[in-house]
There are 2 protein chains.
Amino acid sequence: MATPLHISISEKLRRQIEVGEYKSGDRLPSEHQLMETFNVSRITARQAVANLVSQGLAIAYRGKGVFVTPQKKVTYSLSSPLVFLEQDMARQGITFSFENLAFESMPAAADVAAELGIVEKSEVYRQKKLLRMDGAAGAVDISYLSTELGEPFVPLFQRQMTFPTLAQNGIPVERLDGVIECTHADYDLSGYLEVPLGHALMVYRYTAYSSDQQPVLHGSTISRADRFCYSLSTRSGS
Amino acid sequence: MATPLHISISEKLRRQIEVGEYKSGDRLPSEHQLMETFNVSRITARQAVANLVSQGLAIAYRGKGVFVTPQKKVTYSLSSPLVFLEQDMARQGITFSFENLAFESMPAAADVAAELGIVEKSEVYRQKKLLRMDGAAGAVDISYLSTELGEPFVPLFQRQMTFPTLAQNGIPVERLDGVIECTHADYDLSGYLEVPLGHALMVYRYTAYSSDQQPVLHGSTISRADRFCYSLSTRSGS
DNA sequence: TCGCTCAGCTTGTTATGACAAGTGAGCTTA
DNA sequence: TAAGCTCACTTGTCATAACAAGCTGAGCGA
């Protein structure tokens, strides 16, 4: 046998999940059951389960068992900054809610100041919010706005609980630049987003510019890769 | 101690990596050294290392040791389908090469046929290529083109080894729709892209439309999340 | 000097054993 | 009946032990 035992076991379970033998939310065999079924030690059975968890296919709860990960994904459209996330999600049949985690004013860090085109340590508002999808954590958004901006930016920013740009609230935003990347959950984020350590997360780091080409808002959305994806459409026409 | 030993150890190492005590490519202490330093069993030391690997911070090589993951990322611009990946990468100081993994004609699967607007099981060309960045695997791209398309599409598709759209080769592409999502590496892909099982991967699934709004090319680029990110810019102007 | 072998390092796989801690069902008790 | 407790089952943490397999360099022999 070239392939390790724990790989054969996890691959077999993975196929069963893909075929539908175990459906979304189903409970997988316990470690003890795997030990008996495949006649292996608990370490090997645990390793097989760990493989599935690291692939995002399952999630383990102490005292309860191991369950197949629910798959429902939200597609968030970046094609136009005028589309509301709320509309996207309602159309996709997912209920959602926002939770305000923090709102404060603070001196801008170097990277935030650079993005907003202001002097380092200038005062900025910082808003941190949690998006829940069907009750479960889906994404965390942290955004910054200079306190020097007047109407209509500041009051709207203080009120707004949506995602992720001011353009969605009728604020005149001309351009929205962004970078999408992907990381692994560290110990802190894994607790926040209710995912195992190392789970794939998407990071959307954006900066919104007003009609006079001045940066207005900067922030990043950290979302669970198993619940979020971004769609976009570009045209080559000038 | 509420936090497990293996978490304390991996978190300590993570901080040392972030501070720069261990730099990109440096070798981390071996399991045996960790056992002595922290006075723990090999299981605990291994678990600590596994935590770092699952977070994408380190990678282990049998017989050699555990090394801090190189961090260099390529930013690929999706703002305009006219930008060449080659230019992006050259500007970012990364050498690259393409490797043709497969080129064949085959009946179209249901999802491919739907994207290309053709009948299921129509004949399509399938091209699979590997992108190497500084010698190491970076991404795999699989793209489909209907064999019924004539000039200039087919001959250019057969020749082209670039990434990921025909627009980059002077073929008239009017619109490029895409979805970016993120998954974990399964056993196969982890071997292909030289990453540990469960490593975060970005998937860019795209469809290119010609000037008469007909779909021309469909494919997906599966890239290592530690080496790739996508940038985009959208305008709200009509 | 060149090339080969092998010892000694590394991580990978696997077994056995033990206790901790969370969950939930069922029983006991007020 | 209702509240609370116990117990069985679950995953999480951690130790000791052994062998497999990949890598590297020292040392030997040609």
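Computed from a prediction, not measured in an experiment: that's the story for all the values here. Letters go in sequence order (proteins before strands), and every chain restarts at 1.
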Please give, in whole Å, the distance from [N] [atom2] to [X] [atom1]?
X       : N      : atom1 : atom2 : result
B:Arg62 : D:dA20 : CZ    : C1'   : 7 Å
A:Arg42 : C:dC19 : CZ    : C1'   : 11 Å
A:His32 : D:dC9  : NE2   : C1'   : 10 Å
A:Glu31 : C:dA21 : CD    : C1'   : 14 Å
A:Leu34 : C:dT14 : CG    : P     : 14 Å
B:Phe67 : C:dT10 : CZ    : C1'   : 9 Å
A:Tyr61 : C:dA21 : OH    : P     : 21 Å
B:Met35 : C:dT11 : CE    : C1'   : 13 Å

Check the phosphate of [N] against [X], side-chain N and O only, distance under 4.0 Å to OP1 or OP2. Yes or no?
X       : N      : result
B:Thr44 : D:dA15 : yes
A:Ser30 : D:dT10 : yes
A:Arg46 : D:dG12 : yes

Salt-bridge test for B:Arg205 and B:Glu181: reply yes if a basic N is under 4.0 Å from a carboxylate O, no otherwise.
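Yes, this pair counts.
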Evaluate B:Cys182 against A:Cys229 for disulfide (SG to SG under 2.5 Å), listing each step before the verdict.
CA-CA 7 Å; B:Cys182 190; A:Cys229 63; over 6 Å; no
Tell me if the centroids of the rings in A:Tyr144 and A:Tyr125 come within less than 6.0 Å of each other.
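Centroid distance A:Tyr144-A:Tyr125: not below 6.0 Å, so no.
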For A:Asn39 and for A:Lys64, find the nucleotide of DNA chain C with the closest heavy atom, then tell me which residue's nucleotide is more 5'.
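Nearest-nucleotide comparison on DNA chain C picks A:Asn39.
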Under 4.0 Å, heavy atoms only, any strand: does B:Val49 hit a base, just the sugar-phosphate, or nothing?
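Contact class for B:Val49: none.
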Measure the acute angle between the ring planes of A:Phe228 and A:Tyr76, then classify it against the limits of 30° and 60° as parallel, tilted or perpendicular.
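A:Phe228 vs A:Tyr76 ring planes: tilted.
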